[in-house]
Amino acid sequence: MVVQSDVIGMCSGVSYQCRTVSYTVKNYDGTLAASLPVAENISFSGYNCQQPNPGNEWAQCNGKYSTDGGGNLSDQWSMYTGFTPAGCGQNITDHWQWCGPTGNNPNPGITFGTLVGWSHTSSVDINGYINPPTKIPAGTVFGP
Amino acid sequence: MRSAILVLLSVLQAWGSARAQGTITGTVVDETGRPLAGAKVHIAEKRFVAHRVIRFYEADSGGRFRIADVPWGTYVIMAGKDSAGYADTTFAFYSGEAVPTVTLAPEFSSADVILRLGPRAGVLDLSSVTDAITGKNISLASVTLRRAESPDLYISESASQGAYTRPFFSRGAC
C-alpha cells in the first residue's frame with residue numbers, strides 16, 4: 001500500500017474531524033492492483049470514552065469493496081471530537097487483505113498491508129504517524 | 001424446536017434483507033448545471049463512525065449515479081472530480097457544509113438528488129516551504145488552510161512532495 005495523500009479536516013455534514021488516507025495498492029512487480037476485491041481483517045480495542053461506543057464500519061468480502069481502476073482505495077479514521085474525557089478513543093489493528101477471486105469469498109485471504117494505531121479525541125495514529133501534526137509522507141509504503 | 005429455529009432464522013434473514021433495500025440515485029452537475037461525467041460519488045451515514053472505508057461510485061456520461069442496497073438511515077452525499085478541478089466534498093472545507101442529506105426508511109426507500117459541484121477549485125502550488133530565518137527548505141511541512149468566514153472548516157496536509165498538484169482552494173477566501 002503506497003500512501004498518496006494524508007489529509008485531516010472537519011468532515012462534511014457531521015460535527016467531527018476525520019483523517020482520510022488514500023493508498024495505491026501495487027503488486028510486488030510494481031504493477032497496479034486494479035479493480036481487485038479487498039477487505040479488512042480488523043480489530044478494535046480499548047474504547048474508553050464515557051459515551052456509548054458509536055461503532056465502526058469496514059470493508060468485507062461481499063463483492064462491494066474493491067480497489068478502483070487505478071488500484072486506489074481510501075480509508076477514513078475519525079477523531080472522537082467532543083467525546084469525553086479528552087484523549088479518549090480506541091485502538092485499531094487493520095489488516096488489508098485480498099478477497100477470493102470472485103470477491104464473494106466470506107473469508108479474506110492474504111494480507112497486503114497492515115495499519116496499527118488509534119483514534120483519540122484530537123489526533124489519529126497510523127503506524128506511528130500521529131496526525132496532527134505528523135502526516136504520512138506521500139510514497140510511504142505499508143507492507144503486510 | 002429445530003423447525004422453530006429455522007423459521008426464526010428465515011424471518012431474521014428476511015428482516016435483514018428488507019433493511020438493506022434503499023436506493024440513492026442522482027445527478028452530479030457542475031456550476032453551470034451541466035452533467036459532470038466521471039465524478040466520484042460516495043455516501044456516509046450522518047452519525048459518528050470511528051472508522052470507515054470510502055466506497056466510490058462513478059457517475060456515468062450523463063452525470064448519473066445509483067447506489068443500491070443502502071440500509072435505512074440518514075446519509076450525507078459527497079462527490080468530487082479532482083482531474084477537472086472539483087475537489088471532493090468529503091471535507092467541509094471544500095463543501096462549505098452545502099452537502100445533500102437524505103433519509104431512507106421503509107416509507108421512503110429511495111431518494112434522488114442533484115449534487116452541484118463548483119466553481120472549480122484553484123491550485124495552491126507550494127513548491128517549497130522554507131525556514132524564514134535560515135532560508136532552508138522544511139521537508140514534510142504541514143500546511144493548514146481555514147476558510148476565512150468559517151475558521152472551523154479547515155484542511156491540513158503535508159507538503160511532502162514539495163508541491164500540491166491537486167486542487168486546494170475552494171469557494172471563498174482562506
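Numbers restart at 1 for each chain; the letters A, B, ... are given by sequence-line order, proteins then strands.
B:Phe56 touches chain A through its side chain: at least one heavy atom from C-beta onward sits under 4.5 Å away, while N, CA, C and O do not. Contacts between B:Val49 and chain A at a heavy-atom distance below 4.5 Å involve backbone atoms as well as side-chain atoms. B:Val53 touches chain A through backbone and side chain together, each having a heavy atom under 4.5 Å away. Contact annotation for A:Tyr80: both backbone and side-chain heavy atoms come within less than 4.5 Å of a heavy atom of chain B. At a 4.5 Å heavy-atom cutoff, the contact between A:Ile42 and chain B is made by side-chain atoms alone. Both the backbone and the side chain of B:Thr90 come within contact range of chain A, each with at least one heavy atom under 4.5 Å from a heavy atom of that chain.
With respect to the salt-bridge test (charged N to carboxylate O, under 4.0 angstrom), the residues A:Asp68 and B:Lys40 qualify.
The residue among A:Asp94, A:Asn56, A:Thr20 with the most heavy atom pairs within less than 4.5 Å of chain B is A:Asn56.
Without hydrogens or angle criteria, B:Arg55 side chain to A:Ser66 main chain gives no donor-acceptor distance under 3.5 Å. Here the side chain of B:Ser156 pairs no donor or acceptor atom with the backbone of A:Ile8 at under 3.5 angstrom. A donor-acceptor pair is defined here as one N or O able to donate and one able to accept, closer than 3.5 Å; no such pair exists between the side chain of A:Lys135 and the backbone of B:Ser142.
Side-chain contact check for A:Glu40 and B:His51: at least one donor-acceptor pair (N or O, by modelled atom type) lies under 3.5 Å.
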